[in-house]
Chemist: 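Attaching a single structure in structure tokens format; questions to follow.
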Amino acid sequence: EAGVTQFPSHSVIEKGQTVTLRCDPISGHDNLYWYRRVMGKEIKFLLHFVKESKQDESGMPNNRFLAERTGGTYSTLKVQPAELEDSGVYFCASSPQRSTGELFFGEGSRLTVL
Amino acid sequence: QKEVEQDPGPLSVPEGAIVSLNCTYSNSAFQYFMWYRQYSRKGPELLMYTYSSGNKEDGRFTAQVDKSSKYISLFIRDSQPSDSATYLCAMTPRNRDDKIIFGKGTRLHILP
């Protein structure tokens with residue numbers, strides 16, 4: 001069974017540009033989460049989808065971040081325009097509807113904003 | 001005050017030693033306590049979880065929660081070089097798949 005896959009693994013962009021990160025959860029997992037780790041800080045929650053609906057987006061830093069989950073399958077996280085402080089590793093995780101409590105994380109997408 | 005405090009290390013111990021990793025927290029509403037392990041350039045993977053206070057053992061790993069002191073621990077017995085990783089404590093108030101609050105993680109090196 002394929003795990004959570006994220007693309008790209010690393011993206012380097014200039015301040016003001018746009019970047020879109022993609023996450024493919026484990027097939028059949030209704031819950032999809034985005035987390036972010038800024039260098040030197042903790043991994044922090046961004047938002048939670050249940051199928052295609054946003055269950056909790058309280059961790060989204062500002063309106064430059066837009067997350068979507070088309071048809072309840074894969075998800076994208078767009079940062080527009082990117083700022084220096086957006087640099088970090090963005091993790092996606094998924095879990096089944098009737099969760100045992102375990103989140104399955106992807107390897108992360110590293111974003112560097114210059 | 002941060003919700004979860006964890007010493008980032010690094011912590012280096014010889015192979016075979018007992019490792020003790022710890023976190024403190026401030027939010028008394030936390031009910032589920034987890035330890036994730038993260039290898040370099042990989043995503044975190046769940047190692048153990050406990051609900052409320054108490055101990056839980058799984059092979060060489062033991063997780064302890066003391067809610068009265070707001071203190072959680074992970075013990076690794078007979079540590080192996082393959083245990084070298086970053087260990088993140090994590091907790092959540094309601095459901096184990098609710099918004100998780102992570103510690104910074106402790107980098108652990110097991111020296112062969």
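Please read all numbers here as calculations on a predicted model, not as lab measurements. Here is the naming used below: chain letters follow the sequence lines, and residue numbers restart at 1 for every chain.
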Chemist: Who among A:Gln55, A:Arg37, A:Gln6 has the most heavy-atom pairs with chain B under 4.5 Å?
Modeler: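 Highest number of heavy-atom pairs under 4.5 Å: A:Arg37.
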Chemist: Between A:Phe45 and A:Tyr35, how do the two ring planes meet: parallel, tilted or perpendicular, split at 30° and 60°?
Modeler: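 Geometry flag for A:Tyr35 against A:Phe45: perpendicular rings.
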Chemist: May I ask you to decide if the ring planes of B:Tyr25 and B:Phe33 are parallel, tilted or perpendicular, using 30° and 60° as cut-offs?
Modeler: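 Aromatic pair B:Tyr25/B:Phe33 classed tilted.
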Chemist: Of the backbone (N, CA, C, O) and the side chain (C-beta and beyond), which part of B:Leu88 lies under 4.5 Å from a heavy atom of chain A, both, or neither?
Modeler: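 Interface part for B:Leu88: side chain.
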Chemist: Using distance alone, with no hydrogens and no angle criterion, decide if B:Thr62 and B:Arg77 have a side-chain donor and acceptor under 3.5 Å apart.
Modeler: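 Yes, because at least one side-chain N or O of B:Thr62 sits under 3.5 Å from a partner of the opposite role on B:Arg77.
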Chemist: Would you mind checking which part of A:Ser58 comes under 4.5 Å of any heavy atom in chain B, side chain (CB onward), backbone (N, CA, C, O), both or neither?
Modeler: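 Looking at A:Ser58, just its side chain touches chain B.
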Chemist: Flag yes if more than 12 heavy atoms outside B:Tyr39 fall under 6.0 Å of its OH atom; otherwise flag no.
Modeler: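 Yes - once you tally the heavy atoms of other residues, nucleotides and ligands closer than 6.0 Å, there are more than 12.
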Chemist: Using non-hydrogen atoms only, which part of B:Gln38 is less than 4.5 Å away from chain A: side chain, backbone, both, or neither?
Modeler: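 For B:Gln38, the contact with chain A is made by the side chain alone.
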